[in-house]
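Numbers restart at 1 for each chain; the letters A, B, ... are given by sequence-line order, proteins then strands. A quick note: this is a predicted structure, and the numbers were derived from the prediction, not measured.
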2 protein chains.
Amino acid sequence: MSNNDIKQSLKLYIVLSRANKAINEVTNQFFQDHGLNPTEFAVLELLHHKGRQPLQQIGNKILLASGSITYVIDKLEKRGYLERVSCPSDRRVTFAEITEAGTEFMKELFPEHEENLHELLSVLTPEEKDTAIELLKKLGLSIKDLSY
Amino acid sequence: MSNNDIKQSLKLYIVLSRANKAINEVTNQFFQDHGLNPTEFAVLELLHHKGRQPLQQIGNKILLASGSITYVIDKLEKRGYLERVSCPSDRRVTFAEITEAGTEFMKELFPEHEENLHELLSVLTPEEKDTAIELLKKLGLSIKDLSY
DNA sequence: TATTGTTATACTCTATAACTATA
DNA sequence: TATAGTTATAGAGTATAACAATA
């Protein structure tokens, strides 16, 4: 493997990092303008799109320890965006369920989030986006596989 | 603009985020194995490749407030990887300069970092990497422009 | 007056460990 | 015994504001 191949990989890493960072700066600011941090948005998005979830599973999906989940869920519950619901069949389990207010909030927020992203990515044609999606998907899956 | 275009952009955002996250999990672990966090690696990399820098400018380049820069530079100085050098022509200014030990450290670390990345990206052919570089570079630059 | 860097302080987020209650 | 969630606690990293030295 040549030195040029190494440099090419480094270059790809740099442009990938920069593109990701540039997008995140915009989306994180958007979340913050609406009183959320990225973790909180991730939780609300999960509950909004996938329905109520046991706290444990939320922690697994967004990679957060149980004590940290309690903290995040507390904050969102205090703001009225979700509520805790006991599981009748297993009384150890608590679901987080998005409230009416939380649903309204996400119905407003999520399409705006999508449009922000669409605008940020507008320099690429639909064909270029398909190409990028294919390459990045292959890359992401491959790296996940390598990690196991 | 159609709903499908919006969904395509969302999809691109998701695969981009995931690929980036997958890479960062590996590189951050690599940094941590060598006693550094990503910010500290970024500072050392800057000094290693671009030479000594006024503290203020380091803060600008890696987006850190002046009080936080003092904290990071303190930590790296205590480990012997850099030292503070007064600027003779403007006595308000302090440079951070990488030491011999820091240089040796980076001469060992950086090629290993590059090889790790190369392996992580090995699922893509050189041609695919060139395509990805071109698209992501265009994307990153365009978003930066949109922010101003 | 403006700028550089330091100090002191506080805050946010996350992890860990001990605990309670269920299973 | 094992699991779900809470509580208490600690730590890392960052930001802010007040400050001293210098321009």
Any A/Q56 side-chain N or O less than 4.0 Å from OP1/OP2 of D/dT3: no
N or O in side chain of B/R84 less than 4.0 angstrom from C/dG5 OP1/OP2: no
Quick one: [X] [atom1] to [N] [atom2], roughly how many Å, whole number?
| X | N | atom1 | atom2 | value |
| --- | --- | --- | --- | --- |
| A/F31 | C/dC13 | CZ | P | 14 Å |
| A/I69 | D/dT7 | CD1 | P | 15 Å |
| A/R52 | D/dA4 | CZ | P | 17 Å |
| B/D74 | C/dT7 | CG | P | 7 Å |
| A/I73 | C/dC13 | CD1 | P | 14 Å |
| A/Q53 | D/dG5 | CD | P | 11 Å |
| A/I58 | D/dG5 | CD1 | P | 8 Å |

Sugar-phosphate, base or nothing in reach of A/T70, heavy atoms under 4.0 Å: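 Counting heavy atoms under 4.0 Å across all strands, the contact made by A/T70 includes a base.
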Within 6.0 angstrom of A/K61 NZ, more than 12 heavy atoms from elsewhere: yes
Aromatic plane relationship, A/F30 with A/H113 - under 30° parallel, 30 to 60° tilted, over 60° perpendicular: parallel
Measuring only between side-chain heavy atoms, which start at C-beta, is [X] closer than 4.5 Å to [Y]?
| X | Y | result |
| --- | --- | --- |
| A/I14 | A/K11 | no |
| A/L76 | A/L36 | yes |
| A/H34 | A/F41 | no |

Interatomic distance, B/Q57 atom CD to B/L55 atom CG [nearest 0.5 angstrom]: 10.0 Å
Nucleotide-resolved protein contact map, nucleotides 9-23 of chain D, B/S/- at heavy-atom distance under 4.0 Å: ----BBBB-----BS
